[in-house]
Amino acid sequence: MTPLLLVCALTAATPDAGVPTPTQAVMRNALNALFGLEPVVAHPERLRDPLQADDITRRLDTLAALTHAFPAEAKSQEPATAALSGLFSQYALETRRRFAFGDRETVPSRVRTLMSLCFTCHSRERAPADYQDMERHLEALELSPFDKAQYLAATRQFDKALEAYGAVIARPAKDERALLLQARAIKDVLTLLVRVKDDAKATDVFLEGLSRRDDLAPFLKRPVAAWRKDVVAWRKEGFDAQRASAKELFNKGKALVQKASGVRSYLPDETADVAYLRASAYLNLAMNKSPTSPQRGEALFLLGVCAGALKSPLLWDVDLLFFEACIRENPKTPLARQCFGQLSDRLYFGYTGSSGTHLPEDELERLSTLRALAE
């Protein structure tokens, strides 16, 4: 399979408890549709089989419709929901269009990106229940050890996922490809221990073990040392996120972002990942507890900063969606102007290369619209 996982559980719902709500049912259908596209990733030649076309199209349509499962009023939702469901649906719709127009080369990689989105969403915060019944799907799929770990995380079977990731990380990396896979597994485990488990002790034990590894990827040695320092400080705090109020969670998340100096930087800095993971978890939990909090607008701004700092190459514009939501929900305010500044700077930076800056026409129109809202 592949980096499985972000928008198939855009809320902290308990999918297996009692009768599912309409939103939960739609999310479950989307998850099943996504898993059903696994053969496309594993065997791209099936994209050229006319007998497979209708099934692939139907599954992509199901994914594109996911955003309609959520309330139209964005302010009634936890902030990540509207932004991420919108991103997921738009990406699925574009993938469907490409497939319909005969683009068979990019569809497998785009399905991998949709799967990657699910991991980020599922790991945003603790879940009161797992998709335990999804384990039967695992038995029917021929997955690599890494893909199995991501599948388990996608279905919120976090303890089993950590065990599976551990097996991947324990295996000596003998070449560059293996080093990269090991690094991805390490980052996923860090995400689960910090953002999902909120477990400073377990994180400390994990990082201590990594620090003793002679075969650790060279590019991870500096981040691991920095993460350990942050975790040591975290263990001394004694902050209980589950018992904290929405305001306390917001203040804690804001303090962590400021500590990481993320507001002043566009570029990801892995050494601050622990702070950003904690901040994003606390900000999401704060808005989940109080979606209409007075701090909502600033939370969107800070979540944008966190998303940018934790950016994956597959999720390149999640931070921009948070900043855009901040502008649209708080027009003609200093906060909207601050969010617009972050969005425009990052957008220009993303489209700047050795030949200069080249923004597509649709992005210029987007900036023009958002500038008018902000100013």
Sidechain-backbone polar pair: Asn284 side chain, Ser280 backbone, donor-acceptor under 3.5 Å
yes

For Lys197 and Leu162: C-alpha separation, side-chain torsions, deciding distance, then whether side-chain contact (heavy atoms from CB on, under 4.5 Å) applies.
CA-CA 11 Å; Lys197 296 288 189 177; Leu162 288 169; 4.1 Å; yes

Suppose we screen for salt bridge (charged side-chain N to carboxylate O under 4.0 Å, His left out). Which residues come up paired with Arg171, at least two apart in sequence or across chains?
none

Please answer whether the main-chain N or O of Ala272 pairs with a side-chain N or O of Lys259 as donor and acceptor at a distance below 3.5 Å.
no

Donor-acceptor under 3.5 Å (Asn330 side chain, Cys326 main chain)
yes

Might you work through the side-chain contact (heavy atoms from CB on, under 4.5 Å) test for Leu152 and Phe158, ending with a clear yes or no?
CA-CA 7 Å; Leu152 289 167; Phe158 296 124; over 6 Å; no

Can Gln242 and Asp240 be said to form a side-chain contact (heavy atoms from CB on, under 4.5 Å), step by step?
CA-CA 6 Å; Gln242 298 304 309; Asp240 189 334; 3.8 Å; yes

Are Phe146 and Leu220 connected into the same hydrophobic cluster when the rule is that any two of I, L, V, M, F, W, Y join if their side-chain heavy atoms are below 4.5 Å apart?
yes

Can you name the closest pair of heavy atoms from Ala275 and Leu256 and give their distance?
O-CB, 3.8 Å

Test of understanding: with salt bridge (charged side-chain N to carboxylate O under 4.0 Å, His left out), list the residues that count as partners of Arg177, not counting sequence neighbours.
none

Residues that Glu208 engages under side-chain hydrogen bond (donor to acceptor under 3.5 Å, both in side chains), provided they are two or more places apart
Arg212

Nearest 0.5 Å, please: how far is CG in Leu60 from CZ in Arg98?
12.5 Å

side-chain contact (heavy atoms from CB on, under 4.5 Å) for Arg328 and Leu370? Distances and angles first, verdict last.
CA-CA 8 Å; Arg328 293 187 181 280; Leu370 293 174; 3.9 Å; yes

Rounded to the nearest 0.5 Å, what's the gap from CD on Gln258 to CG on Leu302? Could you check?
7.5 Å

Just by distance, no angles: are the side chains of Arg222 and Thr271 close enough, under 3.5 Å, to form a donor-acceptor pair?
no

Mind checking side-chain hydrogen bond (donor to acceptor under 3.5 Å, both in side chains) for Gln182 and listing every partner two or more places apart, or none if nothing turns up?
none

Taking side-chain contact (heavy atoms from CB on, under 4.5 Å) as the test, write out the residues that go with Arg58, two or more places apart.
Asp55

Leu320 side, atom CG; Cys339 side, atom SG - distance, nearest 0.5 Å:
11.5 Å

Over all heavy atoms of both residues, which pair between Ala200 and Val231 is shortest? Give the atoms and the distance, please.
O-CG1, 3.4 Å

Exam field: side chain Ser290 to backbone Met287, donor-acceptor pair closer than 3.5 Å:
no

Side chain to side chain donor-acceptor pair (under 3.5 Å) pairs, two or more places apart, involving residues 246-256:
Glu237-Lys252, Ser245-Glu248, Lys254-Glu298

Say whether, by atom type as modelled, one donor and one acceptor occur between the side chain of Thr57 and the main chain of Asp54 under 3.5 angstrom.
no

Looking at OH of Tyr165 and NZ of Lys187, how far apart are the two atoms once the value is rounded to the nearest 0.5 Å?
12.0 Å

Once ring-ring contact (aromatic ring centres under 6.0 Å, His included) is applied, what residue pairs with a partner in residues 214-242 remain, sequence neighbours excluded?
Phe239-Tyr282

Which pair of non-hydrogen atoms, one from Ala185 and one from Ile169, has the smallest distance, and what is that distance?
CB-CG1, 3.7 Å

Just to verify, what does Asp215 make a salt bridge (charged side-chain N to carboxylate O under 4.0 Å, His left out) with, not counting sequence neighbours?
Arg213

Please enumerate all residues that pass side-chain hydrogen bond (donor to acceptor under 3.5 Å, both in side chains) together with Glu163, with sequence neighbours excluded.
none

Would Leu364 and Leu343 show up in the same hydrophobic cluster when neighbours are defined by side-chain heavy atoms closer than 4.5 Å?
yes

Value rounded to 0.5 Å, distance of CG in Leu207 from CG in Leu190:
6.0 Å

Determine the minimum heavy-atom distance between Phe322 and Leu300, stating which atoms define it.
CB-O, 3.5 Å

Among Val111, Leu93, Leu34, find the residue that satisfies the side chain to side chain contact (heavy atoms under 4.5 Å, CB included) test when tested with Leu63.
Leu34

Indicate yes or no: at least one non-hydrogen side-chain atom of Gln338 is less than 4.5 angstrom from one of Leu335.
yes

Lys221: what forms a side-chain contact (heavy atoms from CB on, under 4.5 Å) with it, not counting sequence neighbours?
Leu216

Check salt bridge (charged side-chain N to carboxylate O under 4.0 Å, His left out) between Arg96 and all other residues, then give those that pass, not counting sequence neighbours.
Asp61

State the CZ-CG distance between Arg195 and Leu285, to the nearest 0.5 angstrom.
13.0 Å

Sorted by chain and number, sequence neighbours left out, side-chain hydrogen bond (donor to acceptor under 3.5 Å, both in side chains) with Arg97 holds for none

Check Asp230 with Arg278, please: is the shortest side-chain N to carboxylate O separation under 4.0 Å?
no

Mutual orientation of the aromatic rings belonging to Phe323 and Phe301 [parallel < 30°, tilted 30-60°, perpendicular > 60°]
tilted

Decide, yes or no, whether a salt bridge links Arg337 with Glu375 under the criterion of side-chain N to carboxylate O below 4.0 Å.
no

If every non-hydrogen atom of Arg59 is compared with every non-hydrogen atom of Gly36, which pair is closest and at what distance?
NH1-CA, 3.4 Å

